[in-house]
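Chain letters run A, B, ... following the sequence lines, proteins first and then strands; every chain starts at 1. Both backbone and side-chain heavy atoms feed into the values below; hydrogens, waters and symmetry mates do not.
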There are 2 protein chains.
Amino acid sequence: MRKSTLEEVAAAAGVSKMTASRALRGVADVSKETREKVLLAAERLSYVGNRLALSLSSQRTNLVAVVVPSMSNIVFPEVLAGISAGLEGSGMQAVFGISDYDTAKEHTIIRDMLSWQPSAIVVTGLDQPQETVRMLQNAAIPVIQIMDLDGTPIDFNVGLSHGKAGEDMARALLAAGRRRFGYIGSALNRDLRACKRKAGFERVLNENGLGFVEQQIDDAFSSIALGKHLTQQMLAPAPNLDCIYYSNDDMATGGLFACMELGGSALGDILIAGFNGLDLALALPARIATSRSPRRTIGETAGKLAREAVAAGQPSPQKVFSFVPEITGVSALHPSRL
Amino acid sequence: MRKSTLEEVAAAAGVSKMTASRALRGVADVSKETREKVLLAAERLSYVGNRLALSLSSQRTNLVAVVVPSMSNIVFPEVLAGISAGLEGSGMQAVFGISDYDTAKEHTIIRDMLSWQPSAIVVTGLDQPQETVRMLQNAAIPVIQIMDLDGTPIDFNVGLSHGKAGEDMARALLAAGRRRFGYIGSALNRDLRACKRKAGFERVLNENGLGFVEQQIDDAFSSIALGKHLTQQMLAPAPNLDCIYYSNDDMATGGLFACMELGGSALGDILIAGFNGLDLALALPARIATSRSPRRTIGETAGKLAREAVAAGQPSPQKVFSFVPEITGVSALHPSRL
DNA sequence: ATGAAAGCGCTAACAT
DNA sequence: ATGTTAGCGCTTTCAT
C-alpha cells in the first residue's frame, strides 16, 4: 500500500490541497463541513503527513538534537527523560545520539544531526574540540551545553561545576574527620567531568597538606563490577584508609559491595564516597556518601530552554543555569579511630 | 549567519548544483580537480547538507524510529545502545521516543515518528491496540517488534517469551526445593511483560498444587526503593516464606537490601528471584536468582534487521528471533529447612 | 564529465 | 472560506 499524500486526501474530499492542509492543521477559516469532509477522507486513507515536506516548506522543524556520551549507566537516560518531559506539550521532538565519549564520533553525530535542521541542539559538556564548536556556532540555532559548568559556553549552559563538586565533597569529608584517602576511578581520559571532580577533590586535600594515599585507575568505563574489583585490589594489602573517593556512584556501589564481602573493619571504618546520588546509592543497605546531581532537572531545564528559544519572540535572557549538588551520607569517623 | 545551500557552494566553486552534489556525495564521474574545488568551497562556507531536502527528493531517509516504554531503569537504554550499535556503519540513524507505558501516548508518538518517513520502525511489545497496529501496517515499512514473543507479530519479532521465562524460573526454584512463595511486583496494569512472567510463574505453581502465599503489588513503577519498601511490608509479620519472586531485578535488588537490613533468617533463608540479569544483580554482595534477558543482543538484532530490510534487495526471510534467558543464582534451600 | 529541467509533498503569500 | 502560484533544497532523469 503506497502512502497517501495530501493531494489524494484533498481529491477524495473534493477540495484543494490548501484547504485540506488547513483543515488538517486546524487552522482558522475552514468551514465546519469542509473540515469534517477532509478529516474523514484523511482517516479513510489513513493519511500520515510528511514532515520532510512540511519542514522543508515551512523552514522549521520540531526537532531538538541531543548528544550524550553514553547510555550505559542510568544518568544520561534520566537526562534524556528530563529533556523529553521538558519538551512535552510543545510539539517538539528530541532526537538522540550517543558519542561513546569519543570526540571524533561526537563531531560526526553532531554534523548528521545538524543536517536535519533541528531547531536547537543540546550537547554534553563544554569541552568540544574547536572544529566542533565552530560547526555548532555556524548552525545558527540555540546551542545548549549541559551537565558541566567549568568552561566557556557557546550559548546556553545548564549544569554544575564538577571541580567545585569535588572540592565540596573533600571539605565535607575532612570536616567529618577523614584524613587517609584512597581514589578509585575509571576512563578518566574520556570522562572529563570525573577528572574535574578528582582535580577539585585533590586541590582541597593539598590545601590541607594531604593527598591520595592510594589510587586505582582503570581505562575501562565505569561499572559496579569494576568498582568492586578495583576496591578489592586496593584493600587486599589492608592499607590504612578511612575513606575512598570514587569517580561515580556505580564505582562506589561496587566498592561498597566489596567492603560488604570483606566484612569486618573494611565495612565500618572506610567511608565510601561517590557522585550522582543515584536511586541505587540511596537505597543501599549501608550508607555511602554522594553528591546528588540534578540530572533530571538539568534535562528538563534544557528542554524548556529549547522550546522557549524556538517558540517565543525572544529566548531566555538567562544564559547559565547553575546547580549545586547536595551532599548526603557523610558520616563521622568512628570514635575509636579519632 | 545564514546556512549556506548547495547552490551557494556550487556558485563558489564555479560549477552547477548537480556537479557540486555529485562531488559532495563522492559519486562517480567527477573530475578530481572539480571535486576538490567543490570540497574546498563547502569547507569554506561550512556547508552542512539539508537532509530534509535530500530525503524528500530521493524518497528515502536514513531513519529508524524506535519507541520504548521507559528510560527509568537501565534495560531500555541498553536496548537503544544495542540498536545504535547494530546500525553503526550503515549510515542509518535511530530516533527514539518514550511512551511511558501509555498506549495512547504510544500511538501519538508512533504517528509523529511515521511522519518523518522512517525506513523502518522498532516498537516494544506485541500488544499495541488495533488502531496502532493498523497505522503500523499502513506505513508500508518493516515493523520490528521487540522484547516480547507472546502474541502475533505484525512483521519482524525479536525477543523472548515472558510467559515461558516465568514458567522456567518457577520450575528452577521448585527444583531447588522452594515451596513457599511470595510475589512482589509493581505497575502490572501497564507492564504487560511483567504480567506475563507472573502468569507463567503462577501456572507452574498451580500445576504443582501451589500458589503465592503472599503478594504485594503497587501501582507505581518499579524501583529499588519500592522493592525494598514492599519487601519490608511483606516480611514484617514474619511469614513463613522460602522465596520471593519479583517483577524485575530492580525490585528484587530492593528486596535483597531489605533482607540485608533485617538480617538473620530473612537473609539466609529467603531466596530473592528477579528478572533481567542486570549487571547490578550480578555484582550484589549476596546472590539473587535472575533470568538474564539478552536486551543488548535484542537491540543489535533489531538494528541489523532494520538495515538489512532497507539496504538489501530482499529483507531477512527469518521473521522471528527467539531468545531464551539463562537462569542464574538459584540456590538450594538451606538443609535445615528441608 | 557536466548541466538543465522536473519534481519530491508540503506551506507561505497572495489572490479571490 | 477557498484556491492559485511559487518555492523550500535537494536528487533524479535525461541531455549534451
Per A/M18 side chain, nearest of listed nucleotides C/dC10, D/dT4, C/dG7
D/dT4
Under 4.0 Å, heavy atoms only, any strand: does B/R60 hit a base, just the sugar-phosphate, or nothing?
sugar-phosphate
So, under a plain 3.5 Å distance rule, would you say the side chain of B/R22 forms a donor-acceptor pair with the base of C/dG3?
yes
Are B/R25 and B/S21 linked by a side-chain donor-acceptor pair shorter than 3.5 Å?
yes
Report yes if the distance between the aromatic ring centroids of B/F156 and B/F321 is under 6.0 Å, otherwise no.
no
Heavy-atom check, side chain of A/I298 versus side chain of A/M147, under 4.5 Å
yes
State which of D/dT2, C/dG9, D/dG9 makes the closest approach to the side chain of B/A53.
D/dG9
Measure from the side-chain heavy atoms of A/S57 and tell me the nearest of C/dG7, D/dT2, D/dC8.
D/dC8
When the nearest nucleotide of DNA chain C is assigned to B/T19 and to B/Q59 on a heavy-atom basis, which residue is associated with the more 5' position?
B/T19
Choose from C/dT2, C/dA12, D/dC10 the nucleotide whose nearest atom is closest to any side-chain atom of B/L6.
D/dC10
With heavy atoms under 4.0 Å as the rule, sort A/L56 into base, sugar-phosphate or nothing.
base
Nearest to the A/L54 side chain among C/dT11, D/dC10, D/dA1, which nucleotide is it?
C/dT11
Scan B/D29 against the nucleic acid and name what it touches under 4.0 Å (heavy atoms): base, sugar-phosphate only, or nothing.
base
Hey, are B/Q128 and B/Q145 close enough side-chain-wise for a donor-acceptor pair under 3.5 Å?
yes
Counting side-chain heavy atoms from CB outward, which of D/dT12, D/dC10, D/dG3 is closest to A/V15?
D/dG3
Length of the CH2-C1' vector between B/W116 and C/dG9, whole Å:
13 Å
Should A/I146 and A/R295 be marked as a side-chain contact (heavy atoms from CB on, under 4.5 Å) after you check the CA-CA gap, both sets of side-chain angles, and the distance that decides it?
CA-CA 9 Å; A/I146 58 169; A/R295 49 207 179 275; over 6 Å; no
So if I take every side-chain heavy atom of A/S16 and compare against D/dG3, D/dT13, C/dT2, which nucleotide ends up nearest?
D/dG3
B/T34, nearest nucleotide to its side chain (from C/dT2, C/dC10, D/dG9):
C/dT2
